Amino acid sequence: MMEAQKITPEEEDRMVEAAFKELLDGYMASNHRKKVEIIERAYKFAKEAHKGIRRRSGELYIMHPIAVARIVSREIGLGSVSICAALLHDVVEDTDYTVEDIESQFGKKIAQIVEGLTKISGGIFGNMASAQAENFRKLLLTMNNDIRVVLIKIADRLHNMRTLGSMIPSKQYKIAGETLYIYAPLAHRLGLFAIKTELEDLSFKYEHPEAYKAISEKIVATEARRNDIFNTFAKPIKERLDAMGLAYTIKARVKSVYSIWKKMDTKHIPFEEVYDLYAVRIVFDCPNEADEKRTCWNIYSEITDLYRLHPDRTRDWLSTPKANGYRALHMTVMGPDGNWIEVQIRSKRMDDMAERGFAAHWKYKIGEGEEESELATWLKTIQDILENPEPNALDFLDTIKLNLFASEIVVFTPKGELLTLPKDSTVLDMAFNLHTDLGVHCIAGKVNHRLVPLSHKLQSGDQVEVLTSQSQQPKAEWERFLVTAKGKTRLKWALRKERRVYVEAGEARFADYMKAHGYELTNENITKIFAAQQLANKEELYYRIGCDDIALSDQLLQPLRQKSNGFFRLLKNPLRRKQPKQPVVTEIAQPVDFKKTYLLHTENGVSNYIIADCCHPIPGDDVFGYVDENNHVIVHKLTCEEGMRLKSSFGGRIVTTMWETRNKKFPASLHVEGIDRMGILQEIISIISTTLAIYIRRLDIAADGGVFKCDLDVDVEDVGVVNTLCKKIKSVKGVKSAVRMNN
């Protein structure tokens with residue numbers, strides 16, 4: 001802000017004009033028809049509308065819509081209509097101008113896109129869960145009208161992430177969590193790979209700055225060795241490609257910082273053991289689109305003459321493109337250093353499609369071509385969910401997210417029709433995707449003419465026939481066999497239809513019973529009761545009462561007579577699925593200042609926070625606080641899946657935290673593996689109990705075929721103790737790994 005004050009108004013104006021000229025120059029260099037006049041008018045209109053307004057960073061607000069328009073033009077590849085809409089995207093929301101004003105100045109199409117952006121403004125999520133679901137539903141419904149609304153919204157989020165440094169930490173956590181939860185997978189699903197990767201990396205950078213810095217430094221430190229290996233690997237390939245007469249580029253693409261960290265975290269390995277740090281990408285020019293597929297396979301043939309091919313890691317995205325339009329041929333071969341190297345082969349056109357996704361078809365003037373039809377297919381798969389959303393808004397968001405993240409397989413009907421499904425889909429998934437009635441009455445399937453149960457997982461290339469019986473009725477346990485969002489939604493709809501009679505009866509009986517005993521039918525009272533019964537929601541409570549599984553008794557009302565504590569406050573959150581074991585909270589919750597860092601401490605055995613039971617953070621972990629309605633701070637790891645939903649869904653209740661707790665024990669779980677031998681368990685126990693004086697709460701060990709695995713729970717003060725413990729255990733002869741597990 002101080003720097004912005006030193007710049008004169010004239011200098012600021014020159015900066016704005018230079019930014020707009022850069023936008024215009026990029027547009028002029030594109031393949032789009034040159035409609036400069038309307039873009040200049042949109043810029044002047046937006047500049048005047050936002051006159052005098054500044055961003056939190058101190059710069060003039062107009063710099064934001066210019067930056068968004070530049071992303072829309074250069075990084076996504078859209079044309080004049082989208083550029084104008086990007087320049088005007090905040091005008092209706094932030095100024096006195098209306099959509100009608102935009103339409104009279106710039107026409108109906110631009111006005112419709114601006115209106116769509118205004119409807120979903122302020123982020124996908126609001127303060128209440130129902131508002132979140134409604135806003136997200138609006139976002140997806142706008143895709144049916146004009147995909148450019150969503151593409152511009154993603155560009156808007158990308159620029160916000162690039163300038164996130166001016167926000168306070170609690171806002172950074174909220175925005176980064178929301179980005180990872182929805183925007184990155186949405187960009188991935190739309191084929192915007194470069195943007196998806198940057199969104200993930202920026203989110204990771206703000207949530208885990210130290211880990212981001214450490215991995216980035218290691219990538220730089222290992223660059224010289226990687227280059228040597230790549231040059232040795234690529235030299236004979238270049239000779240073969242030159243002999244083919246191709247115009248091409250071949251380069252090594254390093255994994256993103258976020259994806260490296262995810263692999264380290266998931267597999268519990270250090271950076272040095274992430275062997276697939278990079279992939280080799282070959283991009284060739286091919287004037288004739290019809291020759292692309294044959295050229296890819298010719299290159300594949302040349303490479304397999306040079307290097308040993310991994311038999312199970314060839315991916316043909318040429319014959320069957322991904323649902324987001326991605327086309328390429330992937331192969332994995334043994335590199336000169338003895339490690340497997342993935343090679344991606346694609347044409348320049350395929351490369352543009354991979355980086356820019358559906359938007360790239362404007363560049364190639366495909367019009368109503370395959371990319372749009374593929375997008376339409378995906379939109380159709382979530383239409384049922386949009387029209388019949390889950391009663392619980394967060395379940396609705398999770399159901400949508402299943403579609404956004406899914407990898408795909410391709411199966412065939414008995415008539416040879418092709419069907420794209422998420423990986424691990426079952427016969428039951430296919431039945432529900434074909435029609436609700438097929439799913440409801442499905443009894444089994446025939447896969448490649450062989451009888452299989454409805455829970456059978458399908459593989460790409462399977463021919464599948466769904467077998468039904470009118471006497472079959474849907475069952476709640478079927479949800480375990482379903483992977484697709486459509487299948488889960490349709491099953492729940494079918495079950496709800498059947499359950500509705502019981503639910504309505506149970507609700508009436510419960511209401512009469514509460515009234516007769518002098519209790520109000522408030523959300524808080526209902527939540528306390530269904531939480532104490534270990535049920536997911538009130539509908540489940542009513543259903544159990546309606547079925548006589550739960551008796552209307554004095555015991556049912558017992559939670560209402562207990563002193564209110566953090567246990568029930570925690571379970572009021574619809575995200576929670578598990579009960580906290582022994583939460584310790586302050587007797588009197590203090591007001592929380594969201595702009596300041598909240599210090600986590602314990603005095604006289606009473607803590608001013610609750611440890612989240614889903615991830616069990618301990619001092620030294622990167623954490624944040626979620627403040628419930630009663631000002632109790634619930635502490636989650638930044639990496640926690642439940643925590644990510646909280647950041648996305650209740651951003652206004654997120655507070656930055658700092659550990660001050662001393663002389664307090666926290667539970668931690670370890671997993672140890674190694675070569676079994678006589679006395680190894682005694683050595684491990686001796687290190688834990690005697691050498692380090694750490695209390696063991698649980699120990700399970702099993703040996704099979706000369707290999708042992710051991711899970712143990714211990715009480716520790718902080719992460720440093722856990723790291724020391726793992727290091728000491730790994731020093732035991734025969735132990736191959738010792739890692740802390742997420743509880």
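The residues of the chain are indexed from 1 along the displayed sequence. What you see is a predicted model; the values in this text were computed from it and never measured.
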Worked check of ring-ring contact (aromatic ring centres under 6.0 Å, His included) between Y307 and F233 | CA-CA 9 Å; Y307 295 107; F233 176 77; 4.6 Å; yes
Might you work through the salt bridge (charged side-chain N to carboxylate O under 4.0 Å, His left out) test for E40 and K35, ending with a clear yes or no?
-> CA-CA 9 Å; E40 288 180 334; K35 296 183 178 179; over 6 Å; no
Determine, step by step, whether F193 and Y326 satisfy the ring-ring contact (aromatic ring centres under 6.0 Å, His included) criterion, reporting the C-alpha distance in whole Å, the side-chain angles of both residues, the deciding distance to 0.1 Å, and the verdict.
-> CA-CA 10 Å; F193 179 77; Y326 180 82; 7.9 Å; no
Do Y212 and Y258 have ring centroids that are under 6.0 Å from one another?
-> no
Return a table of donor-acceptor pairs under 3.5 angstrom between the side chains of residues 66-75 and protein atoms on other chains or two or more places apart.
from, atom 1, to, atom 2, distance (Å)
R70, NE, E22, OE2, 3.4
R70, NH2, E22, OE2, 3.2
R74, NH2, E22, O, 3.0
E75, OE1, R162, NH2, 2.9
E75, OE2, R162, NH1, 3.1
E75, OE2, R162, NH2, 3.2

Residue pair K213 / K218, side-chain heavy-atom distance below 4.5 Å = no
Nearest-0.5 Å distance, CD1 of residue I303 to CZ of residue R240 | 10.0 Å
Ring geometry between H50 and Y61 (parallel below 30°, tilted from 30 to 60°, perpendicular above 60°) | tilted
Quick one: does R148's side chain get under 4.5 Å of I76's, heavy atoms only?
-> no
Mind jotting down which residue pairs meet the side-chain hydrogen bond (donor to acceptor under 3.5 Å, both in side chains) criterion with at least one end in residues 226-238? Sequence neighbours excluded, please.
-> T222-R226
Ion pair check, D291 and R294, cut-off under 4.0 Å | yes
Could you go step by step and tell me if F230 and Y278 meet the ring-ring contact (aromatic ring centres under 6.0 Å, His included) rule?
-> CA-CA 10 Å; F230 169 71; Y278 67 93; 7.0 Å; no
D285 and K348: CA distance, side-chain angles, deciding distance, salt bridge (charged side-chain N to carboxylate O under 4.0 Å, His left out) verdict = CA-CA 5 Å; D285 292 339; K348 183 70 174 67; over 6 Å; no
